[in-house]
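As structure tokens, the structure follows; a few thoughts come after it.
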Amino acid sequence: MTTILLLISLLLHVVAFYFIIVLYTKYSTIKDLSNSQRAILDETETSMTSFLIEMKEENERLIQHLKQESAHITNHGKELEAKTKESNHPTANSTMIHTNEKVPEEPRESELPDYLSELNEIEDIVEISQPVQKKDLPFEIQAINLYENGHTVEQIAKKLSKGKTEIELLLKFRQK
């Protein structure tokens, strides 16, 4: 009788050790998976950070470029303005030098380019539309109105030529 109990005890110990080993291997695989996910997360975070830094630098370069462009345009505009003032208001001591260069004339606001010459002949046409009818409403609003008037989901689906499931989902989302 004691040998049977010893065998049962030994058998239970072997089974317990087997389950301990199985649990330990499962635990180690889960731990490895967690570590690999953590590494992937760190790598993703690093790449996103570098991407954001690159975007920030690019935005700063763009802002710098736009500031330079606006300063250049402003300076160019001031130079042109100064040149036009000098040419329009010659002083008594200044001499005018004539060159063969043609100065581009600025278009006058009253004159239109050739391709827009017919613009003055176009008449404005105003159409007065009739009030919005029920058929012009979006189908969501029509479905809700029909449901509130006591129609069933099947009737609404037939009237609006939509699927029954689509109408049901629309009404469920409307209720929340």
Side-chain angles (χ1 to χ4, degrees), residues 23-91 94-129 131-145 147 156-157 160-176:
L23 287 174
Y24 179 74
T25 57
K26 295 265 185 190
Y27 173 74
S28 65
T29 56
I30 290 175
K31 189 175 181 181
D32 291 342
L33 182 64
S34 172
N35 289 339
S36 67
Q37 285 180 346
R38 187 171 291 121
I40 291 171
L41 182 66
D42 290 341
E43 183 180 327
T44 305
E45 184 177 333
T46 304
S47 64
M48 290 295 288
T49 302
S50 65
F51 178 70
L52 288 174
I53 289 171
E54 286 178 22
M55 281 185 60
K56 182 179 178 183
E57 290 171 355
E58 189 174 328
N59 285 343
E60 288 172 355
R61 283 194 304 266
L62 177 65
I63 290 171
Q64 199 77 328
H65 178 71
L66 290 176
K67 284 181 181 178
Q68 289 173 353
E69 283 288 321
S70 65
H72 177 69
I73 290 171
T74 305
N75 290 339
H76 186 65
K78 288 180 182 177
E79 290 173 5
L80 286 176
E81 188 177 306
K83 286 181 182 179
T84 55
K85 284 183 181 179
E86 287 176 10
S87 66
N88 289 339
H89 304 290
T91 60
S94 68
T95 58
M96 296 198 61
I97 300 173
H98 295 285
T99 61
N100 291 338
E101 289 183 33
K102 291 185 178 180
V103 178
E105 294 182 18
E106 295 181 19
R108 297 180 194 150
E109 290 182 20
S110 62
E111 293 180 9
L112 294 175
D114 293 336
Y115 59 91
L116 293 177
S117 62
E118 298 174 3
L119 187 64
N120 291 333
E121 298 172 10
I122 297 175
E123 295 180 15
D124 290 336
I125 299 173
V126 178
E127 292 183 19
I128 300 174
S129 61
V132 178
Q133 297 175 354
K134 286 191 176 184
K135 290 183 180 178
D136 295 339
L137 293 174
F139 93 94
E140 293 91 355
I141 295 174
Q142 289 179 3
I144 292 168
N145 288 341
Y147 183 74
I156 297 171
L160 299 178
S161 302
K162 299 289 180 180
K164 188 173 94 170
T165 308
E166 187 177 0
I167 301 297
E168 288 174 346
L169 285 173
L170 174 71
L171 294 174
K172 281 183 184 179
F173 287 133
R174 171 77 168 113
Q175 289 175 355
K176 292 185 178 184

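Predicted, not measured: the structure shown is a model, and the values here were computed from it.
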Distance from [X] atom [atom1] to [Y] atom [atom2], nearest 0.5 Å?
X: Ser34; Y: Leu41; atom1: OG; atom2: CG; value: 10.5 Å
X: Asn59; Y: Glu54; atom1: CG; atom2: CD; value: 12.0 Å
X: Leu160; Y: Glu166; atom1: CG; atom2: CD; value: 9.5 Å
X: Ser36; Y: Glu43; atom1: OG; atom2: CD; value: 11.5 Å
X: Leu171; Y: Glu168; atom1: CG; atom2: CD; value: 8.0 Å
X: His65; Y: Ser70; atom1: NE2; atom2: OG; value: 10.0 Å

Practice task
State, to 0.1 Å, how close Ala143 and Leu170 come at their nearest heavy-atom pair, and which atoms those are.
Solution key: CB-CD2, 3.6 Å

Any [X] side-chain heavy atom under 4.5 Å of [Y] side chain:
X: Leu52; Y: Lys56; answer: no
X: Arg38; Y: Asn35; answer: yes
X: Ser50; Y: Ile53; answer: no

Problem - Crowding at CD, Glu60 (>12 non-hydrogen neighbours, <6.0 Å) - result: yes

Practice task
Output yes when a side-chain donor or acceptor of Thr44 lies under 3.5 Å from a complementary backbone atom of Ile40, and no otherwise.
Solution key: yes

